[in-house]
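Note sheet for the following structure.
Quantities reported herein were computed from a predicted structural model and do not represent experimental measurements.
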Amino acid sequence: MTATTRTLASGPGWHVADVICTAGAGDRPFEEAHQDFCVAAVTSGTFRYRAQQGTAMLAPGALLLGNSGTCYECGHEHGSGDRCLSFHFGPAYMERIVAGVPGARTLTFEAPRLPPLPALAPLLAEAEAAREMADKDAFRELSLRIAGAAVAAISGATSARRGPSRRDQKRVAEAVRRIELDAEGPISLSALADETATSPYHFLRIFRQVAGMTPYQFLLKTRLHRAAVRLRLSDDAISAIAFDAGFNDLSTFNRRFRRVMGETPGDYRARRSSSSGMRVPRRRQAQSEVGPHQPGR
């Protein structure tokens with residue numbers, strides 16, 4: 001085999017994989033079939049892609065587009081190897097995404113690829129960072145955003161810039177309150193969308209429009225903020241604070257805390273403690289601190 005595929009994250013109707021191909025100029029092009037709709041972001045290398053929609057040379061930053069149930073061929077006559085973040089969507093799941101993109105009218109991709117577009121660069125950088133950080137939760141939203149961006153770009157659809165409706169504002173406000181109440185537990189994008197009676201893609205779009213960030217970004221911000229407060233006010237172990245805040249492992253918490261706060265949790269605690277000159281005793285803190293499953297903060 002010249003290609004290895006590693007699943008990074010998955011859910012009902014979708015999955016994303018890290019695909020590394022080592023084929024070279026001396027290898028014959030291989031033919032396969034798209035089992036589902038595919039949007040693959042090329043992160044390194046080049047290759048020729050021939051599909052029902054046409055033939056294209058793909059380079060880093062480009063998006064490979066594949067229609068469900070169609071055959072395709074890849075070749076590397078110009079150089080060896082490539083690596084892609086390959087997003088796959090079942091037809092029913094893709095149909096819901098297309099329905100949520102303003103102006104999009106067709107389910108199938110009419111071109112084999114999207115070139116490296118400046119507008120897509122920040123989104124693809126987020127996806128590559130999520131791969132390197134093994135951030136499975138981030139891919140739940142990234143998969144929708146990348147599919148929606150591909151559908152909008154390839155169909156020429158334009159996203160309406162009118163302000164969010166009062167109904168959408170109410171939906172987002174309810175979701176924000178839900179996240180604030182249950183930030184320590186598992187909260188999925190699909191569950192939030194179901195509670196607001198919208199499709200996941202539409203909910204994600206209006207949430208970003210109203211709140212200025214995605215639901216997952218808001219959830220992380222909430223968890224990190226509460227962890228930072230506890231680091232400042234208590235002597236609890238950093239691992240206990242991380243788990244109580246909703247993080248599954250200490251290394252993930254440390255990475256994200258440092259990325260947002262600019263320093264490790266230990267350094268943050270030490271600097272805050274030394275600047276205030278005091279710490280809340282453990283027994284006092286236990287009486288005054290709101291527990292992880294009690295709302296009202």
Side-chain angles (χ1 to χ4, degrees), residues 8-9 11 16 18 122-143 145 172-192 204 207-208 210-297:
L8 300 174
V16 57
D18 181 21
L123 181 57
L124 299 185
E126 281 188 57
E128 195 163 349
R131 180 185 66 191
E132 298 308 308
M133 296 178 67
D135 194 344
K136 293 183 179 181
D137 292 330
F139 279 119
R140 299 181 190 280
E141 292 183 352
L142 285 166
S143 63
R145 293 169 63 191
V172 173
E174 290 172 350
V176 165
R177 289 177 178 271
R178 165 87 156 80
I179 292 172
E180 287 184 318
L181 287 173
D182 300 319
E184 298 84 359
I187 300 178
S188 70
L189 176 65
S190 58
L192 290 172
L204 174 60
F207 194 101
R208 291 184 69 209
V210 173
M213 63 183 69
T214 70
Y216 181 56
Q217 290 167 344
F218 183 81
L219 175 62
L220 282 181
K221 179 195 75 68
T222 302
R223 288 174 173 175
L224 288 170
H225 171 76
R226 292 179 180 176
V229 171
R230 282 190 64 183
L231 284 168
R232 183 168 186 170
L233 295 179
S234 81
D235 287 327
D236 292 343
I238 293 176
S239 59
I241 291 174
F243 296 140
D244 287 347
F247 294 94
N248 293 325
D249 64 85
L250 186 58
S251 61
T252 298
F253 170 70
N254 287 336
R255 270 200 317 271
R256 289 177 178 158
F257 193 96
R258 184 169 186 173
R259 188 175 182 183
V260 172
M261 300 295 188
E263 56 190 335
T264 67
D267 289 343
Y268 177 86
R269 165 177 272 173
R271 184 169 62 81
R272 296 298 180 183
S273 298
S274 61
S275 64
S276 64
M278 62 178 294
R279 241 183 223 177
V280 177
R282 289 180 64 85
R283 281 181 293 181
R284 257 184 83 187
Q285 181 273 330
Q287 295 173 355
S288 62
E289 184 184 357
V290 178
H293 299 292
Q294 295 175 307
R297 277 172 279 196

Which distance, rounded to the nearest 0.5 Å, do you find between the [atom1] of [X] and the [atom2] of [Y]?
{"X": "Gln217", "Y": "Glu126", "atom1": "CD", "atom2": "CD", "value": "5.5 Å"}
{"X": "Leu220", "Y": "Phe253", "atom1": "CG", "atom2": "CZ", "value": "11.5 Å"}
{"X": "Arg140", "Y": "Leu204", "atom1": "CZ", "atom2": "CG", "value": "13.5 Å"}
{"X": "Lys221", "Y": "Thr214", "atom1": "NZ", "atom2": "OG1", "value": "12.0 Å"}
{"X": "Glu132", "Y": "Arg255", "atom1": "CD", "atom2": "CZ", "value": "11.0 Å"}
{"X": "Leu224", "Y": "Arg258", "atom1": "CG", "atom2": "CZ", "value": "14.5 Å"}

query: More than 12 non-hydrogen atoms from neighbouring residues, nucleotides or ligands closer than 6.0 Å to CG on Asp249, yes or no?
result: yes
**Asked** In terms of heavy-atom contacts, does CZ of Arg208 have more than 12 from other residues, nucleotides or ligands at under 6.0 Å?
**Response** no
ask   = Between the side chain of Ser234 and the main-chain N/O of Leu231, is any donor-acceptor distance below 3.5 Å?
value = no
Quick note, ring-ring contact (aromatic ring centres under 6.0 Å, His included) partners involving residues 210-244, not counting sequence neighbours, are none
Could you check whether any side-chain heavy atom of [X] comes within less than 4.5 Å of a side-chain heavy atom of [Y], counting everything from C-beta outward?
{"X": "Met133", "Y": "Arg259", "value": "yes"}
{"X": "Glu184", "Y": "Arg226", "value": "yes"}
{"X": "Phe139", "Y": "Arg131", "value": "yes"}
{"X": "Asn254", "Y": "Phe257", "value": "no"}

Only one of Asp236, Asp235, Ile238 passes side chain to side chain contact (heavy atoms under 4.5 Å, CB included) with Arg230, and that residue is Asp236
So, for [X] and [Y], which heavy atoms are closest and what is the spacing to 0.1 Å?
{"X": "Ala183", "Y": "Leu219", "value": "O-CD1, 3.6 Å"}
{"X": "Tyr268", "Y": "Glu263", "value": "CD1-OE2, 3.5 Å"}
{"X": "Ala245", "Y": "Arg223", "value": "O-CG, 3.0 Å"}
{"X": "Leu250", "Y": "Ala242", "value": "CD1-CB, 4.1 Å"}

Below 3.5 Å, can you tabulate the donor-acceptor pairs from side chains in residues 172-179 to any protein atom, sequence neighbours excluded?
| unit_1 | atom_1 | unit_2 | atom_2 | d |
| --- | --- | --- | --- | --- |
| Glu174 | OE2 | Lys170 | NZ | 2.4 |
| Arg178 | NE | Glu195 | OE1 | 3.1 |
| Arg178 | NE | Glu195 | OE2 | 3.0 |
| Arg178 | NH1 | Asp182 | OD2 | 3.0 |
| Arg178 | NH2 | Glu195 | OE2 | 3.2 |

